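Within every chain, numbering begins at 1; the chains are lettered A, B, ... in the order of the sequence lines, protein sequences first and strands thereafter. Please read these numbers as outputs of a predicted model, since none were measured by experiment.
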Amino acid sequence: MNVSTQNRRDFLKKSAAITVAPGVLLYSVSPKAHHAEKPVTSETRWGMLIDTNKCVDNCTACLDACVEEHGLTEDVPVEIKPVWIRKVTVRDKQTGRETFLPLMCQHCENPPCVDVCPTGASFKRADGIVLVDRHTCIGCRYCMMACPYKARSFVHEALENQKPHSPRGKGTVESCNFCVYRIDHGMGPACIEACEAEGHEAMIYGDMNDPESEISKKLKEMSSSVLRPDLKLNPGIRYQGL
Amino acid sequence: MKILMILGKLSLGLLLIMTVSGVSSGEVSMPEIPKAKNNFSAEQSCVEPIDLMRREHGLLLKHYRHDTMRRGIRTSEYSLIACVNCHVTADESGNYPTVHHGSDHFCRSCHTYAAVNIDCFQCHTSKPQESFSSDMEPVQSD
Ligand code: SF4
Ligand code: SF4
């Protein structure tokens, strides 16, 4: 026991000393990306701005991209099919005007899903991304009840051939993870990429703590709103044109 | 009290049976562990010395899973995707073995022998697969 503990300590010490030496392979990252070999910090707060005026009827590009990206393709009855992002239609009874909005985990600053989790599996990363650590999730589904946006799903059946970058499995709860592994490599969420590729450009993402970022500038310039502001959760997802 | 004594005798009996069957378990053959595809570097075959990997890979996985999941640290050397990509090898017809039974899968081969469950692959894929990051250009840092 002692020997193995010693070995592990040595190992951890050694690995802590590993620096990026010349010739070490790194992925190319955009300037805004955090250095994936260093921990994320609260200097960054990731957010999205969704312009509902640009989100059109009959388009499911973002939904399809999410299913593809995270492998949400299991053949299960619709009642238990995990949904990470849905498209909501809001209809003004008076005028009949319809507004479409993609709705996913709102990455709340004060997330009730984190408050209620008995194991600490539901947690908020320092940079504001709210995740489920499936290693410690016991599948109690308290968080599903606590989330006012119905953003979380439970995996009911055993899965196989999951995407390597997006592990998921039976008995745990899941929700939009902001494509966190893409974020860590300097790329944007798959839904935003898909919306852009369709030419709609209804969503942007960025660091809301950085006054120079596109999202911060737009938020300062134009009026935007959050869903259920009365709950004071300060979501990271903001909407225009609601 | 009496019940406790009976229980105690029972468990002693069980222990004896187990030891006896342990003696005759010489029939369990050593696992045939599939060879990894590559060496990590010219000096080292795996990310850490083999004896350390054999004994401590569980702890290392747990340590790095915490770093990645909670702190967003994603290194190119210590990654479960990289372990699977290098260690899980296809058979002659190009199919990857399942981790859930048999003993052909790298992880399964040893875990069957040691009679230890593997939970990792209830969520993580056990087969090498194209990942989003495989089309990202690795660059040399300076
Ligand atoms: S939207 Fe729901 S799941 Fe997401 S952080 Fe808020 S409470 Fe949690
Ligand atoms: S289902 Fe999992 S993440 Fe949600 S509250 Fe229970 S343990 Fe926490």
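Partner of Ser175(A) under the side-chain hydrogen bond (donor to acceptor under 3.5 Å, both in side chains) criterion, out of Lys150(A), Arg152(A), His107(A), Gln106(A): Arg152(A) alone.
Within the 3.5 Å criterion, the main-chain N or O of Ser42(A) finds a donor-acceptor partner in the side chain of Asn209(A).
Annotation: maximal heavy-atom pairing with chain A below 4.5 Å, among Met69(B), Lys62(B), Arg70(B), His124(B), occurs at Arg70(B). With respect to chain B, the highest number of heavy-atom pairs below 4.5 Å among His135(A), Glu160(A), Lys170(A) belongs to His135(A).
For Val155(A), no part sits under 4.5 Å from any heavy atom of chain B, backbone or side chain.
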For residues 75-85 of chain A, tabulate all N or O donor-acceptor pairs below 3.5 Å that involve a side-chain atom, not counting sequence neighbours.
unit_1, atom_1, unit_2, atom_2, d
Lys81(A), NZ, Glu74(A), O, 2.6
Trp84(A), NE1, Glu174(A), OE2, 3.2

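The two residues Ala202(A) and Cys195(A) make their nearest non-hydrogen contact at N-SG, 3.3 Å.
When only modelled atom types and interatomic distance are considered, Glu77(B) and Tyr64(B) share no side-chain donor-acceptor pair under 3.5 Å.
A search for salt bridge (Lys or Arg N to Asp or Glu O under 4.0 Å) contacts involving Arg45(A) returns nothing, not counting sequence neighbours. Residues that satisfy the side-chain hydrogen bond (donor to acceptor under 3.5 Å, both in side chains) test with Asn39(B), not counting sequence neighbours, are absent from this structure.
For residues 92-123 of chain B, a heavy-atom distance under 4.5 Å to chain A picks out His100(B), Gln122(B), Cys123(B), given by residue number.
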